[in-house]
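Here's the structure, in structure tokens; my notes come after.
None of these values were measured; they are calculated from a predicted model. Protein chains get the first letters and strands the later ones, always in sequence-line order, with residue 1 at the start of each. Values reported hereafter were calculated over all heavy atoms of this structure, with side chains retained and with hydrogens, waters and symmetry mates removed.
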Amino acid sequence: MTFTLALLPIVLLFLGMPIFALFIFGAALSFAFFLSVPPVAMHQIMFGGLENYALLAVPFFIFAGELMGGSGIAQRLIVWVLALLGRVPGGLGVATIGACTLIGAISGVSTATVAVIGKALYPGLVKEGYGQRFSAGLVSSSGSIDIVIPPSIAMILYGASAEQSIPKLFAAGILPGILIAALMAGYVVVTAMRVGVATGRGFDLGYFLRTTRDAAPALLMPVFVLSSIYLGLASPTEAGGFACLYAILVGRYVYRLMSWEEVLDCAVRSAMLTTQILVIVASAALFSWILTVNGIPQALTAWLQSLELHPWSFLMAVNIILLIVGCFLDPTSAILVLTPLFIPLVKAFGIDPIHFGIVMTVNVAIGMFTPPFGLNLFVAQTVLGVPLETLYRGVLPFAVVQIFALLIITYWPELSLFLANAV
Amino acid sequence: MRAQPSRWRPAPSRARSPARPDRRRGGGSMQDERPKGLLNGVSQAARTLLGLILLAMVLLNVVNAVSRYALSYVVIGIDELLVFAMIWMVMIGMLLVTADRSHIALEIVTGRVGPRTRSGLALLHHVVIAISCAYAAWQSVKFVMRVIAIQQTSMALELPMAIPHAAITVGLGGTALISAVLAVRDVRGVVSPRLAEQPA
Amino acid sequence: QVVMKLANATINDVQHEWQKLFAEALKKRVGDKVKTEIYPASQLGAIPRMAEGVALGTIESFITPTSFVTNIDPKFQIFDVPGLFDSPEHVHAVIHDPAYRDHLETMFLSRGIRVIGAIYNSPTVILTKKPAPTLADLKGVKARTFASPLQIEPMKAIGVTPVPLALTEVIPQLQSGGIDGVLAGMPILTAFKYYDVAKYVTDLNFAHIVSVNLVNEQWFQSQPKDIQEAIRAAGREAEQQAYPWGVENVKKSNELWKANKGEILELPPAEKASMMKSFVEIGTKIVEQNPAVKTEFVKLKALVDAKRPK
Ligand code: NA
Ligand code: NA
């Protein structure tokens, strides 16, 4: 069982076997030879992995990202951001983080954010001299800010599983999300000064206003999407659909850069990108299901309990476990499998479950881009056309920065609880 | 560190026209002169279908939201339909992504080896995929037959659940078939590397 | 040793309690011959997947409100007819009537499932952002319901716009104003701390949720006779023990709701009586569309009327 579920897939992973196939292969072997469960369950679990309303945000926000490129929206946003941040060292890098934080306030899916930001800002970052590795690492890692900034599907799953208030979790995520963004921006500024990224022209009000006028329909897109959510007009998934329609109309009729044929082309590409990601989601569901019914997470919890830890070392142990799990498992499975097991311990230690929810959320957010398994990485690979190997190296410094933020968030509960208790 | 282009790099990021994913630099695709009009036609039609499904999902989603918020009129079952459409889109897409050899994978080894070894690894992958997906597809057939037998319907639309479930069967079964075809090509690639690496 | 996976979408509620009591009761009877494994909180998948799982044999056992399995067998609808039961005691008297309980056990065998547990879950109430002490206040409210005609049609009849939504969408939409109410059981409302987004609950006495624990019949038949009997007996023992726990749990939920500055409102008695009468009529019309469902409903209704508290 250890062989089919761990060793064999890891060997095949390094031999370049497609990720989805690792899961299906490991599961097929387990069902055929080890499990007493009827193997028809394979179908059911894969279907269940996909049949999830929340996942609809993935195709929509990928499509919106693709459309931002083709319609001319992205280019105008870059020009505008540069006109605004021209003289700041690392202006575009900081803008990337800012944009991720802003989009994070619209979407709960970080893969979609990586797709949008990657399409829009990655070529500019490379052109400005950040280098492929740094730029790709920046895009993949800042996408995960989205998971910490509400709305967040990770928090909804945690809240449902731990019976905690989802609005409180949302509120609790705001300051930690901003902290991560600020630390990342600091790191980017330092790096930009060190490698000597060219700073743009100085701030010129006339130029800025001209750019703003040209970019107005593009700038209205996040405003439009944000306000549709916060004025109660749409859910994030619906806002994703609106964003697509808006970008099509702007690209077709305002900037006049897209023919209907190109819109269809764009839709085809987005559907293919969606497939590459969701096929893994469906197959990974098999894997986490098998882990669950084999009691592996329970064994983990029992082991933790046997160590008789203090709250602070318990939290440290949880962070280490989650960071390791995050290397191999998707956040949905990690949260759904581990939350019910951690919660009794959390309560026994007197740790606030809302605070713990944020700690878990930040961990799975980091897991989204830590090698070898990270959906942000796969999206970045797909969208940016950068080899995973380059991405693996690129994200490392950002992982260090975010783990530093995680430690602050873990041991400073008030940062999370201040706004949560104000709700 | 070499940023070597690899077969496993997803096609859409490289190909402007998704219908014809371009081959590796120096790849042997120009040697493939056999008429493949029918296959290309099917593949092109499937790609167009995917795009149309996604566009329809966007429209349906907007209609749903507008009617709910602006008109206070709730169309029951649109959420369900959207999810089922997404499942079909992903499963049809799975066939195309398999045929394009563009599934997401770790490229550490495959990006560094010669064409013959690469074909050998691809052969291993495709044999494993063909067998495990065939096994999963067979389970899926059994599952769908039972769903048909108990006449299960969806909650909101009361659609026979066999319709969305069958997508998984098609995705897994088709992936098994396509992988088997690719495995045969990989054998040729091992024997004669210059003939390798043709799209399905 | 046989493994019996007990699946559940919820946690720490009466359904979970039944599973724990059942596991104990079974252990008492058969020792380690059956190894029970409880999977609460949808660990084995979303509700429709678990429902299919128990019907098709990938999960041995699943506990659920009847309204989530009507697509497996529409006969489950009969328990969801609104206005049917007066009180928890009424539900208890009906579903645990010995002859009816035997009938209930085998009512769904044609779909490959057997009922080994039947429990009172909780009353369905309506949560609203603005107080709704009368039916007039409920007019125009957009409320989340299940995609079931037995919730949708009665809601329409009192002027509420039913909005079937995914569970993950409920809180965000409630906050953003996409919906302004939710039809749900009180323990669910407190478990998810809905009092943070909306304070007012109106007790419509809409429907009393009945939960059933299903087992896959093929799996059940593959067990030796003594184990089969032990499972049946353990199920019934657990449901008797779970009943007072469940009633107490609803009380606790109500108190927790008030402790968090929530309010529980009652409709004026006359309004409530006429509303319940129309609910039963609407519900009866829906369940009688299907002849098989109608037969079962007539049988249930006769017992419901016989057991109605005076
Ligand atoms: Na977010
Ligand atoms: Na990871």
Side-chain angles (χ1 to χ4, degrees), chain A residues 12-21 24-25 28 31-32 39-40 42-44 46-47 50-53 55-56 59-60 63 132 232-234 237-238 241-242 244-245 264-265 267-276 278-280 282 372 378 381-390 393, chain B residues 1 3-4 6 8-14 17-18 47-48 50-55 57-59 61-62 64-65 69 79 82-83 86-87 89-90 93-94 96-97 102-111 121 124-125 128-129 131-133 135-136 139-140 142-144 146 164-165 168-169:
Chain A
L12 290 171
L13 174 76
F14 283 96
L15 290 179
M17 173 92 95
I19 308 270
F20 90 95
I24 295 189
F25 179 52
F31 274 101
V40 290
M42 280 188 81
H43 166 104
Q44 196 192 0
M46 290 186 73
F47 184 85
L50 284 181
E51 198 216 16
N52 180 347
Y53 179 80
L55 288 179
L56 277 171
F60 289 156
F63 192 22
Q132 195 189 35
L233 296 171
T237 301
E238 288 166 340
F242 278 122
C244 295
L245 186 67
L264 181 63
D265 254 18
V268 173
R269 274 202 305 282
S270 310
M272 298 285 278
L273 292 173
T274 304
T275 298
Q276 289 172 313
L278 292 190
V279 161
I280 293 179
F378 301 137
Q381 182 203 21
T382 307
V383 171
L384 313 180
V386 176
L388 271 176
E389 195 183 18
T390 310
R393 294 170 190 219
Chain B
M1 187 188 68
Q4 195 170 0
S6 149
W8 284 268
R9 174 102 50 75
S13 62
R14 287 176 296 160
S17 159
R47 281 166 215 271
T48 308
L50 280 196
L52 292 176
I53 292 176
L54 182 53
L55 285 169
M57 282 165 63
V58 167
L59 280 181
N61 179 64
V62 169
N64 192 24
Y69 295 93
D79 292 357
L82 280 169
V83 172
M86 175 178 73
I87 294 173
M89 185 181 85
V90 170
M94 189 177 179
L96 295 167
V97 174
S102 56
H103 278 293
I104 290 165
L106 193 61
E107 298 180 320
I108 290 175
V109 172
T110 46
L121 286 172
L124 171 72
H125 304 155
V128 169
I129 294 173
I131 293 171
S132 42
C133 284
Y135 176 78
Q139 302 309 329
S140 178
K142 287 197 284 186
F143 190 96
V144 173
R146 284 154 87 170
H165 276 296
I168 307 287
T169 319

### Message
Please evaluate residues A:Phe31 and B:Tyr135 with respect to the criterion side chain to side chain contact (heavy atoms under 4.5 Å, CB included), reporting the C-alpha separation (whole Å), side-chain torsions for both, the decisive distance (0.1 Å), and the verdict.
### Response
CA-CA 10 Å; A:Phe31 274 101; B:Tyr135 176 78; 4.1 Å; yes
For B:Leu55 and A:Phe63: C-alpha separation, side-chain torsions, deciding distance, then whether side chain to side chain contact (heavy atoms under 4.5 Å, CB included) applies. CA-CA 9 Å; B:Leu55 285 169; A:Phe63 192 22; 3.7 Å; yes
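When all heavy atoms of A:Ile24 and B:Cys133 are compared, the pair lying nearest together is CD1-SG, 4.3 Å. Across all their heavy atoms, A:Leu50 and B:Val83 have their closest contact at O-CG1, 4.3 Å. Contact between B:Lys142 and A:Val40 at its shortest, heavy atoms only, is CB-CG1, 3.7 Å. Considering all non-hydrogen atoms of both residues, B:Val58 and A:Gly241 come closest at CG1-O, 3.6 Å. Considering all non-hydrogen atoms of both residues, B:Leu54 and A:Ala271 come closest at CD2-N, 4.0 Å. The two residues B:His165 and A:His43 make their nearest non-hydrogen contact at ND1-NE2, 2.7 Å.
The contact between A:Ile19 and chain B is made by backbone and side chain atoms together, counting heavy-atom distances below 4.5 Å.
Residues satisfying the ring-ring contact (aromatic ring centres under 6.0 Å, His included) test with A:Phe20, not counting sequence neighbours, are B:His103. For B:Asn61, the side-chain hydrogen bond (donor to acceptor under 3.5 Å, both in side chains) test picks out no residue, with sequence neighbours left out.
In this structure, the side chain of A:Gln276 does not engage the main chain of B:Val97 through any donor-acceptor pair within 3.5 Å.
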